[in-house]
Number of protein chains: 2
Amino acid sequence: MARTDAPTRREQILKEAARLFAERGFHGVGVDEIGAAVGISGPGLYRHFPGKDAMLAELLVGISGQLLTGARRRLAEADGDARPSAVLDSLIEGHIDFALDDRPLITLHDRELDRLRDSDRKLVRQLQRQYVELWVEVVREVYPALTEPTARSAVHSVFGLLNSTPHLGRAGTLPGRGATAALLHRMARGAFAAAGSA
Amino acid sequence: MARTDAPTRREQILKEAARLFAERGFHGVGVDEIGAAVGISGPGLYRHFPGKDAMLAELLVGISGQLLTGARRRLAEADGDARPSAVLDSLIEGHIDFALDDRPLITLHDRELDRLRDSDRKLVRQLQRQYVELWVEVVREVYPALTEPTARSAVHSVFGLLNSTPHLGRAGTLPGRGATAALLHRMARGAFAAAGSA
DNA sequence: CAGCGAGGTTAGCGGTCGTTAACCTGAAGG
DNA sequence: CCTTCAGGTTAACGACCGCTAACCTCGCTG
């Protein structure tokens with residue numbers, strides 16, 4: 001399942017661009033810096049992307065798409081299983097994996113959306129909305145007492161909780177990936193449970 | 001207690017700058033736009049601030065200071081009261097008030113910190129660290145089972161949860177400020193409780 | 001009422017940034 | 001061996017942006 005072949009230059013560029021955008025903001029990074037980060041310089045990037053905007057667009061569309069696709073897959077896998085609580089656990093697990101493994105992307109995801117061209121922004125927002133609605137449905141199955149607007153607020157808040165990984169210290173001080181994932185999972189479930197006991 | 005006198009021009013500028021920085025990022029906003037937002041144009045701002053950086057610095061230092069001061073006040077007020085759980089509730093309430101009333105500032109607070117001069121950034125980080133440590137101590141009194149690193153992670157995660165207010169829809173679709181505050185409060189307590197039951 | 005400082009204005013400078021143009025190179029293929 | 005083309009290079013252009021300079025105009029105040 002894991003990629004073993006070497007990353008293409010295009011993928012290198014996207015990865016470094018994501019890191020730099022997350023660190024200093026889209027407008028705070030020059031194309032020369034992105035080029036330097038992959039060993040080429042400045043305008044060489046234009047052999048791979050039509051412009052700086054296109055890199056950000058591909059990153060954000062990719063993130064939103066991956067999150068949505070992963071969530072749908074998890075929902076389908078658990079289709080026979082009728083326990084909504086297990087499905088919610090699976091969704092949480094998937095989001096945590098993403099938040100822990102791709103911190104720069106998680107950072108970009110809710111920070112640089114407004115820097116996109118209209119059409120790209122609409123696409124990303126649509127993917128995000130579908131992702132949220134998928135969560136809302138599952139959450140409401142687990143906690144039927146929640147109204148839809150309340151469930152949606154709760155989902156956004158739990159996203160805030162899970163996406164706090166970039167603030168959690170530079171991987172050295174952390175109690176290990178497994179323990180952090182478990183902590184976040186427990187807290188997310190606790191937050192939903194508290195929301196559901198209106 | 002509430003301010004009734006008209007805001008000074010300086011305060012107007014800070015408020016509009018905060019809104020614009022939050023919307024489009026520090027580098028995405030020009031001084032001409034900030035000026036236009038308060039009815040003067042461009043370089044007129046330099047009668048009130050030595051530069052664009054200084055506006056951001058004052059905003060971020062102000063936020064961090066306010067949060068820390070408020071938390072210390074709440075801690076002092078509850079000094080006689082020995083119930084740590086009540087103190088934690090007070091801290092949560094204060095943070096929620098801030099997150100709901102000053103969304104642009106909350107957004108800036110964890111987004112544009114790296115755009116500051118070294119000295120300002122160190123100051124802000126110091127204030128933030130003291131705020132976090134204050135929370136960590138209170139949380140560990142309520143949930144003694146938590147180790148210090150785990151408690152710190154939990155605090156950061158709950159900040160992520162509470163700071164999700166900018167994603168909660170544009171005030172029209174919300175179930176009202178009181179209900180939202182109550183929901184966030186419940187979820188924060190639920191998240192801490194889940195973290196504490198390791 | 002003269003003078004002056006607070007708080008504006010517009011013009012413009014210097015630097016940076018995204019992008020394009022023109023050119024180079026080495027490997028693959030007929 | 002010649003051609004081609006992917007993937008680079010450097011130079012430079014045009015736009016924008018933060019900031020300064022120079023100037024203006026009130027409302028105070030001695």
Side-chain angles (χ1 to χ4, degrees), chain A residues 5-61 104 108 111-121, chain B residues 5-61 104 108 111-121:
Chain A
D5 47 336
T8 69
R9 166 99 337 153
R10 209 160 182 287
E11 287 166 336
Q12 286 180 47
I13 294 171
L14 283 176
K15 185 181 163 198
E16 294 302 311
R19 184 179 55 82
L20 289 167
F21 289 160
E23 279 175 12
R24 299 213 285 281
F26 179 67
H27 291 297
V29 182
V31 290
D32 290 357
E33 299 178 73
I34 303 174
V38 297
I40 73 182
S41 222
L45 296 171
Y46 287 75
R47 299 287 166 193
H48 303 276
F49 295 92
K52 191 185 164 193
D53 303 0
M55 300 179 207
L56 182 64
E58 186 158 331
L59 284 170
L60 292 189
V61 172
L108 286 184
R111 188 169 297 197
E112 306 286 354
L113 181 59
D114 298 319
R115 262 54 99 197
L116 254 47
R117 286 175 27 230
D118 269 23
S119 59
D120 291 324
R121 189 172 54 247
Chain B
D5 47 337
T8 68
R9 166 93 347 145
R10 208 159 183 289
E11 289 166 335
Q12 288 179 44
I13 294 172
L14 283 176
K15 186 183 161 198
E16 294 301 312
R19 185 179 54 81
L20 289 167
F21 289 159
E23 280 175 10
R24 300 212 284 282
F26 179 68
H27 291 297
V29 182
V31 290
D32 289 357
E33 298 178 75
I34 303 174
V38 297
I40 72 182
S41 221
L45 296 171
Y46 288 77
R47 299 287 167 195
H48 304 276
F49 295 92
K52 191 185 165 193
D53 303 358
M55 301 180 206
L56 182 64
E58 185 158 331
L59 284 170
L60 293 189
V61 173
L108 285 184
R111 189 168 299 195
E112 306 286 354
L113 181 60
D114 299 319
R115 262 53 97 196
L116 254 48
R117 286 175 27 230
D118 269 24
S119 59
D120 291 324
R121 189 171 56 246

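All heavy atoms count here, side chains included; hydrogens, waters and symmetry mates do not. Within every chain, numbering begins at 1; the chains are lettered A, B, ... in the order of the sequence lines, protein sequences first and strands thereafter.
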Hey, could you give me the CG/CD distance between Leu108(B) and Glu23(B), rounded to the nearest 0.5 Å? 10.5 Å

Rounded to the nearest 0.5 angstrom, the CG-OG1 distance for Leu14(A) and Thr8(A) is 8.0 Å

To the nearest 0.5 Å, what is the distance between CD1 on Ile34(A) and CD on Gln12(A)? 13.5 Å

Which part of the nucleic acid, if any, lies within reach of Val38(A) when heavy atoms closer than 4.0 Å are counted: base, sugar-phosphate only, or nothing? nothing

Which residue pairs pass the ring pair (Phe, Tyr, Trp, His ring centres under 6.0 Å) test when at least one of the two sits in residues 20-44 of chain A, sequence neighbours left out? Phe21(A)-Phe26(A)

For DNA chain D, which nucleotides open and close the run of contacts to chain A, 5' to 3', at under 4.0 angstrom from a non-hydrogen atom? dG7(D) to dA11(D)

Expected output is a numbered-order residue list: members of residues 45-58 of chain A with a heavy atom under 4.0 Å from any atom of DNA chain D. What is it? Arg47(A), His48(A)

With a 4.0 Å cut-off (strictly under) to non-hydrogen atoms of chain B, the first and last hit nts on DNA chain C, 5' to 3', are dG7(C) to dA11(C)

Enumerate the residue pairs fulfilling side-chain hydrogen bond (donor to acceptor under 3.5 Å, both in side chains) with a member in residues 38-59 of chain B, sequence neighbours excluded, ordered by first and then second residue. Arg10(B)-Glu58(B)

So, taking the atom named CG in Leu59(B) and the one named CE in Met55(B), what distance separates them when rounded to the nearest 0.5 Å? 9.5 Å

Drop me the distance from Leu60(B)'s CG to Glu112(B)'s CD, to the nearest 0.5 angstrom. 8.0 Å

By ring-ring contact (aromatic ring centres under 6.0 Å, His included) - contacts of Phe49(B) (at least two apart): none

Please give me the minimum heavy-atom distance between Gly35(A) and Leu45(A), naming the atom from each residue. N-CD1, 3.8 Å

Value rounded to 0.5 Å, distance of CG in Leu56(A) from CG in Leu116(A): 5.0 Å

Heavy atoms only, 4.0 Å cut-off, all strands: where does Gly30(B) land among base, sugar-phosphate and nothing? sugar-phosphate

